[in-house]
Amino acid sequence: MTDTSTTALDGAPNPTANTAHARAVPNVDKPVRVRFPPSPTGDPHVGMVRSALFNYAFARHYGGTFVFRIEDTDTARNTEESYNALLATMRWMGFEWDEGPEVGGSYGPYRQSERMDVYAETAKRLHDGGYAYRCYCTQEELDAVNEKAKAEKRAPGYAGTCRNLTAEQIAAHEAAGRSSVLRFRMPEGTLTWDDLVRGEISFDTANVPDYVLVRADGSPLYTLVNPVDDALMKITHVLRGEDLLSSTPRQLPLHAALIELGLSETVPVFGHLPYVMGEGNKKLSKRDPEASFSFYVKEGYLPEGLLNYLALLGWSPGGDKEFFSPEEMYAAFDGSRINVNAARFDLKKCQAINGDHVRALAPEDLARRIVPFLAEQGLVADPPLPEQAATLAAAVPLIQERMVVLRESVDMIGFLFVPEHLFAVDPADAAKALGEDARPVLEAAAKALEALPEWTTAAIDAALREALIEGLGLKPKNAFTPVRVAITGRRVSPPLFESIELLGRERTLRRLGAAIGG
Ligand code: GLU
Ligand code: ZN
């Protein structure tokens with residue numbers, strides 16, 4: 001097995017450097033069932049959302065079932081807040097789960113904390129069938145074995161001490177009141193699977209020690225509950241991050257045991273999605289602000305923009321197509337062209353793709369999506385009052401071409417909605433553009449606009465050019481910048497004459513007056 005964290009990056013996401021295996025996808029002739037099984041700890045992060053997306057797209061592509069399962073057996077780390085955030089994340093992305101929390105399904109419950117009886121029963125079956133055994137080693141004994149292995153330059157790990165205890169030995173341990181964990185009995189030999197992403201992968205099971213399924217206190221571990229649920233929920237394909245690659249050789253023989261016990265019918269097909277790298281060629285970590293899903297919601301990314309970008313982290317629809325809708329992705333995503341190479345997370349690229357999706361929206365749709373951002377700042381009501389809706393409808397075409405994320409609209413067009421007594425010019429922009437020499441410019445502009453018979457963009461344009469460029473002999477930049485700052489509050493704004501028209505005569509003159517007086 002190669003450690004891909006050191007594989008050279010291809011400047012990803014770069015669909016042309018795709019090293020994916022384009023080949024037939026097994027197991028899709030029968031109904032496809034995939035799952036997204038996050039643990040509710042901390043904030044949802046983008047790597048997780050990418051895993052959800054790839055599974056969701058796969059299910060949609062094959063008309064299969066998307067199971068949403070909550071892996072919440074680690075009670076010390078799980079929070080209800082994180083659980084709620086997971087559900088909200090899925091809904092924001094538009095991932096409608098067919099089975100899972102709140103919707104139910106035939107293989108529930110879908111929160112592992114509600115399935116403890118299932119795990120206890122399955123653990124017992126594994127033990128009684130000889131697939132697992134009780135291990136009585138104390139922590140000190142395990143440490144000593146590891147120390148010895150280290151000294152002899154052998155790999156550490158459980159040495160199989162309790163694998164073949166006799167009935168007498170077991171009875172003696174029990175009589176001595178020793179506590180015990182349940183360990184899986186790894187078969188000997190080589191384990192091979194055909195990874196959907198990485199092709200054939202082999203592990204020598206000599207390097208995979210017998211692992212713990214159930215703690216001494218009876219609580220089941222990920223090692224048990226994850227594959228057991230995949231089996232019982234009849235999952236056909238497991239697409240998950242490459243960080244889980246090393247759990248697959250443990251899980252495959254457990255799946256085989258469950259089949260032999262009659263608890264399951266098939267082993268899922270596994271596919272390990274490439275790492276997502278952040279700054280400095282390191283795995284994108286929870287500490288990177290752009291790793292947190294909530295960042296994208298707060299900034300005002302569009303769900304379809306983020307989805308498009310996340311899809312490119314390890315996949316492309318072919319050719320050099322990089323812009324696509326969710327439906328287009330689902331139609332193309334058959335699971336056959338997932339990249340092996342790590343993908344580089346590139347926020348600039350994510351912004352560019354989101355900007356493309358913003359421009360692709362119908363203006364009314366964009367206006368509707370901007371409302372919560374303006375409303376959050378108290379600039380409009382939600383839903384907006386009729387007059388606010390009309391201004392917004394007129395303003396959106398002015399900013400649609402220059403917006404990357406929805407939040408930017410607040411700075412761009414907030415000046416049209418802010419109550420007059422709260423309107424303020426950005427101090428830095430005021431210092432640059434509203435000095436002493438701006439006064440005659442603003443006075444001439446006010447005079448020209450005051451007398452204007454017709455309040456249209458064209459009339460405003462003509463009047464200001466005449467007064468400032470011809471009248472005062474100014475260059476356009478020197479003529480219009482003070483006016484722009486005085487009425488919009490900033491040096492960067494939507495087109496000036498349109499902005500003045502939308503603002504109306506009264507507010508325009510008041511703001512020019514305030515700038516002249518100030
Ligand atoms: N709960 C596990 C995780 O979030 C699931 C891993 C898997 O997909 O198998 O890491
Ligand atoms: Zn032991």
Side-chain angles (χ1 to χ4, degrees), residues 34-56 58 66-74 77-78 82-83 85-86 89-90 100 110-113 115 132-146 157-166 169-170 172-174 176 178-186 195-197 209-216 220-231 233 235 237-252 254-255 267-273 275 283 286:
V34 293
R35 66 357 172 229
F36 173 55
S39 298
T41 57
D43 278 344
H45 57 94
V46 288
M48 201 154 134
V49 180
R50 184 197 57 166
S51 292
L53 169 62
F54 280 36
N55 284 284
Y56 185 70
F58 192 80
F66 178 70
V67 178
F68 181 21
R69 181 172 81 223
I70 305 292
E71 301 213 325
D72 59 349
T73 51
D74 187 353
R77 293 180 61 226
N78 299 318
S82 174
Y83 167 75
L86 281 172
T89 299
M90 298 292 278
Y110 294 91
R111 291 182 78 160
Q112 289 186 327
S113 55
R115 301 173 60 79
Y133 60 90
R134 302 223 66 94
C135 159
Y136 297 89
C137 297
T138 63
Q139 194 54 50
E140 293 71 47
E141 286 164 350
L142 296 173
D143 289 347
V145 170
N146 277 340
Y158 187 67
T161 318
C162 306
R163 226 179 131 101
N164 299 309
L165 294 181
T166 62
Q169 287 170 312
I170 292 172
H173 282 318
E174 293 287 342
R178 279 214 184 200
S179 65
S180 62
V181 299
L182 185 69
R183 274 187 200 275
F184 187 71
R185 190 188 301 276
M186 279 297 290
D195 195 275
L196 196 55
V197 179
D210 293 350
Y211 59 94
V212 179
L213 298 168
V214 181
R215 292 191 189 93
L221 290 162
Y222 162 81
T223 50
L224 177 72
V225 299
N226 177 277
V228 163
D229 281 348
D230 285 348
M233 295 180 181
I235 298 303
H237 298 77
V238 169
L239 298 179
R240 59 181 176 190
E242 195 177 317
D243 50 325
L244 290 156
L245 190 63
S246 62
S247 40
T248 304
R250 297 187 180 140
Q251 295 182 349
L252 288 169
L254 177 49
H255 275 287
V267 181
V269 172
F270 287 86
H272 292 89
L273 309 175
Y275 282 120
K283 257 173 75 185
K286 287 196 170 166

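Numbering of ligands and ligand atoms starts at 1, following listing order. Here the structure is a predicted model, which means the values were calculated and not measured.
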### Task
Please confirm whether Arg50 makes a cation-pi placement over Phe54, using NZ or CZ under 6.0 Å from the six-membered ring centre and within 45° of the ring normal.
yes
## Note on the structure
Within 4.0 Å of some non-hydrogen atom of Leu244, the atoms of ligand 1 are 6 (C), 7 (C), 8 (O)
### Message
Checking the side chain of Asp43 only, and the main-chain atoms of Ser82 only, is there a donor and an acceptor separated by less than 3.5 Å?
### Response
no
### Arg240 versus Thr248, side-chain donor and acceptor atoms under 3.5 Å
yes
### Message
So which atom in Met48 and which in Phe36 form the shortest heavy-atom distance, rounded to 0.1 Å?
### Response
O-CE1, 3.4 Å
### Whether Asp195 side chain and His272 backbone form a donor-acceptor pair below 3.5 Å
yes
### Query
Do the numbers put Arg250 on top of the ring of Tyr211, so that NZ or CZ is under 6.0 Å from the six-membered ring centre and no more than 45° off the axis?
yes
### Query
Does ligand 1 have an atom that lies less than 4.0 angstrom from a heavy atom of Phe36?
no
### Summary
closest protein heavy atom to atom 3 (C) of ligand 1 is Pro37 O, 4.1 Å
### Query
Which angle, to 10 degrees, forms at the Zn ion (ligand 2) with SG of Cys162 on one side and OH of Tyr158 on the other?
100°
### Query
Any N/O/S atom, backbone or side chain, of Thr161 lying under 2.8 Å from the Zn ion (ligand 2)?
no
### Task
Any atoms of ligand 1 less than 4.0 Å from a non-hydrogen atom of Arg35? List them with their elements.
7 (C), 8 (O), 9 (O)
### Task
Mark up the atoms of ligand 1 that fall under 4.0 Å of a heavy atom belonging to Glu71, in ascending order.
1 (N), 2 (C), 5 (C)
### Message
I'd like to know if Arg183 pairs up with Asp210 as an ion pair, taking the criterion as any Lys NZ or Arg NE/NH1/NH2 lying under 4.0 Å from an Asp or Glu carboxylate oxygen.
### Response
no
### Task
Enumerate the atoms of ligand 1 whose separation from the nearest heavy atom of Arg240 is less than 4.0 angstrom.
7 (C), 8 (O), 9 (O)
### Summary
If we number the atoms of ligand 1 from 1 as shown, the ones under 4.0 Å from a heavy atom of Asn226 are 5 (C), 6 (C), 7 (C), 9 (O)
### Query
Is there a nitrogen or oxygen of Val238 sitting under 3.5 Å from a nitrogen or oxygen of ligand 1?
no
